[in-house]
Amino acid sequence: MTGAPGTAGSLGEGPVVVVGGGVVGLCTAYYLAAAGLPVEVVERRGLGSGASRGNAGWVCLSHSTPVPAPGVVRYALRSLGQPDSPLYLRPLPDPAFVRWLWRFWRSSTPAAFRRGYAAIAELNRDTFDLFDGLRENGVATTLTRPGMVHAFLSPTEARHHLAIQRQMADGRYPMPDDVTTGPEAHLLDDALSPGVRAAYLVEGEGVVDPEAFAQGLGEALADAGVKVHENAEATGFRSSAGRIAALRTTQGEIPCAAVVVAAGMHSPHLLRSLGQPLPLQAGKGYSFSVELDRAPRHTLYFGERRAVASPIGGTTRIGGTMELSGNNNRLDWRRIVAVALASRHYLGRWFDDPDDLVGLIRDPWVGGRPFLPDGLPVIDRVPGHHNAFAATGHGMLGVTLGPATGHQLAEYIRTGRRPEALAPFRFDRLSR
């Protein structure tokens, strides 16, 4: 254990107020309440209504990697002018966006990627045990572990991808020895089309209904006596001498012993008021649900097209793309069409014409997933404030890392000592 010594008693009177009702914020509130601390949650809309709502619901180890990886910048530059690209970059006349891209590029070296992957893997070590614990304590996690099939159109691409994953796994979780090729490849999951010429299964990978999981956490918090303020937007703080005395909201002030900012893309303006600007950018992702004649039994990763499919709530949720086009939630229908067209290479012609999609798909969604330029979240005490903490920037890993983040951060808040697993996610790394 590292960090400044302290005790729960040093927090003072009042609840720990968690700002953000997504999976990360709710998990943090859950573990704080489980430790016996009074807790309140503030959410600007409804629980699980942000980036937690429409994602693919993956709980996985094999895809828990930082986005800035070797070669990703070249890939992004090739997407300029191509709104159907899996990774779409639309330059903005904004100096902050340019600085973010420069830092993103600096973080995409092989050494930085390996460091980031190792940090996430260590935080992720107890993820499935934590999900088991939540379920045993009555939380409706909705988690199933069907495994993940990685599907490819090319055996060469499949073997390349598997070799990288095996190297990164380094024995932390089981990986297959080889890929299945030829006509047998698409038989790994009934939903795959004969166009899939290579595939492999990573056993044990999980999936949840993310919106239902957030609601299950909310119900568990209510049962534990945690007060949840929905449709209440946090606007700032009342503080003195480096301590937060109250959170200011559109529904009035909430006195607090400590505060946790876990508000996704709405975190920067709150942290800026505490003197800690945070360079978050929205990595926009798109998804939709559809009824397929042959629904997948596993979670599916479509290798060349970087799209995904998940069995969620009796339907198939198809998602994909990483769009860097500023901090907005504008839904570009061309991106929905691009994801649907990408999926046809692996699922077959489940639609004939893009014009048919309006009547076929349900719940088209776009979400601004919060990304820091090095691809890692911040999970730390806010510098200069004894009782303010932040947990944001999880990107596409909020569902996977939510319980681990909440568990470790609750320990930090309760004891005043930073768990070693949180050392790579400190604030001060961003100023280097």
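Computed from a predicted model, the values in this text were never measured in an experiment. The figures that follow rest on heavy atoms only: side chains count, while hydrogens, waters and symmetry mates do not.
- Judged by distance alone, the side chains of His229 and Glu43 never bring a donor and an acceptor atom under 3.5 Å apart.
- The number of heavy-atom neighbours closer than 6.0 Å to CZ of Arg106, taken from other residues, nucleotides and ligands shown, is 12 or below.
- Between His298 and His150, the distance from one ring center to the other does not fall under 6.0 angstrom.
- Interatomic distance, Arg381 CZ to Leu409 CG, rounded to the nearest 0.5 Å: 10.0 Å.
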Contacts table for residues 336-347: side-chain donor-acceptor under 3.5 angstrom, sequence neighbours left out:
from, atom 1, to, atom 2, distance (Å)
Ser343, OG, Ala340, O, 2.7
Ser343, OG, Trp350, NE1, 2.9
Arg344, NH1, Phe351, O, 2.8
Arg344, NH1, Asp352, O, 3.3
His345, NE2, Arg305, NH2, 3.3
Tyr346, OH, Glu304, N, 3.2
Tyr346, OH, Glu304, OE1, 2.7
Tyr346, OH, Arg305, N, 3.4

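- Salt-bridge formation is not detected for the pair Asp374/Arg103: no Lys NZ or Arg NE/NH1/NH2 atom is positioned less than 4.0 Å from an Asp or Glu carboxylate oxygen.
- No side-chain donor from either of Tyr173 and Glu205 sits under 3.5 Å from a side-chain acceptor of the other.
- Remark: Leu130 CG to Phe128 CZ distance equals 11.0 Å, nearest 0.5 Å.
- With respect to the salt-bridge test (charged N to carboxylate O, under 4.0 angstrom), the residues Arg145 and Glu203 do not qualify.
- Ring geometry, Trp58 versus His63: the interplanar angle exceeds 60°, so the pair is classed perpendicular (tilted spans 30 to 60°).
- Between Arg135 and Asp132 a salt bridge is recorded (basic side-chain N to carboxylate O distance below 4.0 Å).
- Remark: His269 NE2 is packed, more than 12 non-hydrogen atoms of other residues, nucleotides or ligands lying under 6.0 Å away.
- Side-chain contact annotation: His161 with Tyr200, donor-acceptor N/O pair under 3.5 Å present.
- Interatomic distance, OG of Ser267 versus CG of Leu280, reported as 6.5 Å (0.5 Å rounding).
- Ring to ring, Phe97 and Phe104 are not that close: their centroids are 6.0 angstrom or more apart.
- Ser64 and Asn124 share a side-chain donor-acceptor pair at under 3.5 Å.
- A salt bridge links Glu253 with Arg238: the closest approach of a Lys/Arg side-chain nitrogen to an acidic carboxylate oxygen falls below 4.0 angstrom.
- Taking the six-membered ring for Trp and the full ring otherwise, His385 and Phe237 have centroids separated by 6.0 Å or more.
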